[in-house]
Amino acid sequence: LVGAGINPIIREYTANDTWNKPTDSNFWGALVICVGAGSGGGSGRRGAASTARGGGVGGAGGVFSTRLIRSATLTLSSYSITIGTGSTGGAARTTNDTNGASTSVGGDTSFGSLVIAKGGGIANGGTTATQGGASGGGTAQSTPSRGPYSISGANGGAGSSAGAGGVGATGL
């Protein structure tokens with residue numbers, strides 16, 4: 001967060017917290033930047049050496065959202081800051097003929113309801129077939145919901161049953 005008069009105050013939050021609006025007469029507003037958390041990758045399918053067993057899908061990146069908020073728009077005296085947590089990778093399988101484990105979505109990062117950056121999408125576990133990569137966090141569900149103020153997270157790499165998986169998209 002950046003704010004105050006000619007001497008900006010810069011704060012980086014790595015855990016949930018509360019931001020208090022400055023009461024200085026020269027406070028003009030805040031530049032808020034939020035990045036949604038990524039999702040972990042899915043685990044691979046377990047099977048005997050001669051069977052089809054695909055790798056898990058790669059995890060996806062979260063949305064990057066930013067907004068310059070004028071002091072007059074900051075009508076509350078304080079705002080909750082929520083820092084999204086990345087999801088863990090899918091658990092390894094220990095029994096043959098078992099599909100890989102999927103993950104959950106990455107957590108959203110937000111500044112009250114004024115800026116919300118969605119987390120990366122679910123990464124599926126490996127199966128006997130090739131699968132597309134996990135979807136990066138979407139700007140349509142973020143606030144603001146359009147570029148250049150919100151940029152989608154990168155997609156994860158595909159899981160393949162025929163050798164190496166696909167390469168994920170390049171993120172920020």
Side-chain angles (χ1 to χ4, degrees), residues 1-42 56-90 102-124 130-160 164-172:
L1 292 171
V2 179
I6 58 172
N7 297 315
I9 299 168
I10 300 172
R11 295 187 186 126
E12 179 181 358
Y13 295 89
T14 58
N16 295 347
D17 207 337
T18 299
W19 178 80
N20 296 309
K21 181 180 175 181
T23 57
D24 301 347
S25 61
N26 64 349
F27 175 70
W28 58 264
L31 173 64
V32 178
I33 299 170
C34 293
V35 179
S39 61
V57 170
V63 170
F64 170 91
S65 292
T66 185
R67 183 175 179 192
L68 180 62
I69 307 170
R70 301 287 301 166
S71 179
T73 304
L74 296 165
T75 57
L76 304 175
S77 61
S78 64
Y79 290 84
S80 295
I81 295 173
T82 302
I83 305 298
T85 302
S87 68
T88 58
S102 298
T103 65
S104 58
V105 297
D108 300 344
T109 297
S110 63
F111 177 81
S113 62
L114 299 176
V115 182
I116 302 168
K118 299 300 282 183
I122 293 171
N124 293 324
T130 298
Q131 302 182 70
S135 296
T139 58
Q141 298 81 29
S142 296
T143 304
S145 62
R146 60 195 176 286
Y149 308 107
S150 283
I151 302 170
S152 294
N155 294 336
S160 175
V167 175
T170 301
L172 294 171

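Only heavy atoms go into these numbers, but all of them, side chains included; no hydrogens, no water, no symmetry mates. Index from 1, following the sequence.
Between the CG atom in Leu74 and the CH2 atom in Trp28 there is a gap of 10.0 Å [rounded to 0.5 Å]. With rounding to the nearest 0.5 angstrom, the CZ atom of Arg67 is 10.5 Å from the OG atom of Ser150. Here Asp108 contributes atom CG and Ser142 contributes atom OG; the two are 7.0 Å apart, rounded to the nearest 0.5 Å. The OG1 atom of Thr14 sits 7.0 Å away from atom CD1 of Ile83, with the distance rounded to the nearest 0.5 Å. Rounded to the nearest 0.5 angstrom, Thr66 OG1 and Phe111 CZ are separated by 11.5 Å.
Closest non-hydrogen pair, Ala134 versus Gly59, comes out as CB-C, 4.5 Å. Nearest heavy-atom pair across Gly86 and Ala37 is N-CB, 3.4 Å. Contact between Leu114 and Tyr79 at its shortest, heavy atoms only, is CD1-CE2, 3.7 Å. Here the closest non-hydrogen pair linking Ser39 and Gly106 is CB-N, 4.0 Å.
Aromatic ring pairs are classed by plane angle as parallel below 30°, tilted from 30° to 60° and perpendicular above 60°; the pair Trp19 and Phe27 is tilted.
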Steps toward side-chain contact (heavy atoms from CB on, under 4.5 Å) verdict (Thr139, Ser145): CA-CA 5 Å; Thr139 58; Ser145 62; 5.5 Å; no
Audit row: Val32, Ile69, side-chain contact (heavy atoms from CB on, under 4.5 Å) steps and yes/no: CA-CA 8 Å; Val32 178; Ile69 307 170; 3.9 Å; yes
Test side-chain contact (heavy atoms from CB on, under 4.5 Å) applied to Ser102 and Asn124, step by step: CA-CA 4 Å; Ser102 298; Asn124 293 324; 3.6 Å; yes
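Partner Ser65 forms a side-chain contact (heavy atoms from CB on, under 4.5 Å) with one of Val35, Val115, Thr109, Ile33 and no other, that one being Val115.
Between the side chain of Thr103 and the backbone N or O of Ala123, at least one donor-acceptor pair lies under 3.5 Å. For the pair Thr143 (side chain) and Ile116 (backbone), a donor-acceptor distance under 3.5 Å is absent. Formation of a donor-acceptor pair under 3.5 Å by the Lys118 side chain with backbone atoms of Ala140 is not found in this model.
Taking the side chain as every heavy atom from C-beta outward, Arg11 and Ile81 never approach each other to under 4.5 Å.
Considering only residues two or more places apart in sequence or on other chains, Ser110 meets the side chain to side chain donor-acceptor pair (under 3.5 Å) condition with none of them. With sequence neighbours left out, Ser104 forms a side chain to side chain contact (heavy atoms under 4.5 Å, CB included) with Ser87.
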